[in-house]
Amino acid sequence: MTTTEIATSSIDIFSDEVLQDPYPHYAALREEGAVVYLPRNDLWALTRYRTIRDALENSSVFSSQRVAFNDDMNRALAGTSLATDAPDHRQLRKTLLAPLTPRALKSIEDDIGSKADRLVDDLVARGSFDAIGDLARAFPLQVVSDMIGVQGVARENILRWGEAAFNVLGPMNQRSVENFPVAGELFQWCKTVRQEDLVEGSLGHGIFESAKRGEIAPESCGAIIHQYVAAGMDTTITSIGNAIAHFAAFPDQYARLAADPSLVRSAFNETLRYEPPVNLFGRHVKSDIEVEGTLIPAGAQAAVLFAAGNRDPRHYDDPDTYRIDRDPADHLAFGYGIHTCAGQGLARIEALAILSACARRVRSFRVGEGQRQINNMTRGLSSLPVLEIRAK
Amino acid sequence: MPHITYRDPNGRTHVVEVAVGLTVMEGARDNDIPGILADCGGACACSTCHVYVDPAWVERLPPQGEMEADMLEFACEPDPVRSRLTCQLRVTADMDGLVVTIPAEQA
């Protein structure tokens, strides 16, 4: 074996300082090595595009038994599609994916489009609003809650739950500790929710029907609903918010989109590349493996830095520049391999509906200062005031 | 370079050269051939790059993996014998002459 000296870095990738502005730190790690050991986190960071994609494809070595960075959450996630390896993963994923494929979603695509048009009409008429609260959060909240059939008190809590569900995937730092009780509320609700709590005809209601028909175990209903809420809410919110922030930060790019709204698919891919909603996920290294000359020992935990890979100059030209015509459909924001984001079809429909509604109505807009939302796993904003709009 | 023939949903035929190592999906994308959407960028996660392989070629292509087989169940009107996802077909020299038909709908 040709193992050379191990690249190491003393940063804590979950510190406020790094999460406030991670990209210079990710760039430094990426230049340090394709694999960098982080003693403070006891993690082996995978930093480059090709390394990340290869690891995600090699799920027999890079196991999903430890996708979270603390043991409590990894125990809580046991048995979900997210945290299960082959061969058991296959059926879990199929059940989760069935209602989320482009074909399955075709029947609600037009409805999502009309909801997006109505929301943006209303916001344009108001003239100023918060791009996060009134748009990026409001829209998926409405779409996903309606889809799952969530109503009443649960609907009021679903945003808090979604954000906490990501914070608690981090290491046991202050942020995780504070968010565990909130994430616990979501687990508890999913465990106790009954079919009659969900709107008839909704996806959530239908899951209980599947259990009645014996297609899935009755105790799986709550776990599946948990995955739709925990995985489907904060990620989509963050991506839509980031897209608006990118349009505001790069007005020449937004002007191109407003002139040609058909670029929206490419623009959304560029947002997912430039600032993926989830910075990283964990993997459990099941057996010794040499990656680019570095031996990662069996039993170690790898940190797969999607956000670092997405800015790798070995793969993308001029990676720190935001260009809406780049169409980087091979970005790592949805992962890769057998655990590739199952909800990406829905996320894409929601984001393209709302962003194209904006591009078709708004010529240009001006924003005030946004507030960064610090989360162990996700990168987004908590507010972004839109001060002025020039409608078409 | 291998030549691949794509019959698009409008009834037009495109014969293009696709470099060894690219996928049949990437060959369509790089040549602006309509009908292959590949929403997920080639991650075998959307089944919108579905084609029907010419019967003469079915046996000559590498077999489907588990993920491709599962995703094909979610495609539009899959054919039990001829359907493939083009993001999972990596072009080799002996695929010269491959003929695929793109379905009218991907979702």
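In this text the structure is predicted, and so the values were computed from the model without any measurement. Here is how names work: the chains are called A, B, and so on, in the same order as the sequence lines, proteins then strands, and each is numbered from 1.
Across A:Glu57, A:His331, A:Arg348, A:Arg90, the residue that shares the most heavy-atom pairs under 4.5 angstrom with chain B is A:Arg90.
To the nearest 0.5 angstrom, B:Glu73 atom CD is 3.0 Å from A:Lys94 atom NZ. Atom CD in B:Glu66 sits 12.5 Å away from atom CZ in A:Arg93 (nearest 0.5 Å).
Partners of B:Phe74 by ring pair (Phe, Tyr, Trp, His ring centres under 6.0 Å), not counting sequence neighbours: none found. Applying the ring pair (Phe, Tyr, Trp, His ring centres under 6.0 Å) rule to A:Tyr322 yields the partners A:His246, A:Phe250, A:Tyr274; only residues at least two apart in sequence or on another chain are considered.
Chain A is approached within less than 4.5 Å, heavy atom to heavy atom, by B:Glu105, B:Ala107 from residues 85-107 of chain B, ordered by number. The interface of residues 24-45 of chain B with chain A, defined by heavy-atom distances below 4.5 Å, comprises B:Asp39, B:Cys40, B:Gly41, B:Gly42, B:Ala43, B:Ala45.
Of the atoms belonging to A:Tyr336, it is side-chain heavy atoms, and not backbone ones, that fall under 4.5 Å from chain B. At a 4.5 Å heavy-atom cutoff, the contact between B:Thr48 and chain A is made by side-chain atoms alone. Interface residue A:Ala98: backbone and side-chain heavy atoms are both found under 4.5 Å from chain B.
Remark: A:Glu215 CD is packed, more than 12 non-hydrogen atoms of other residues, nucleotides or ligands lying under 6.0 Å away.
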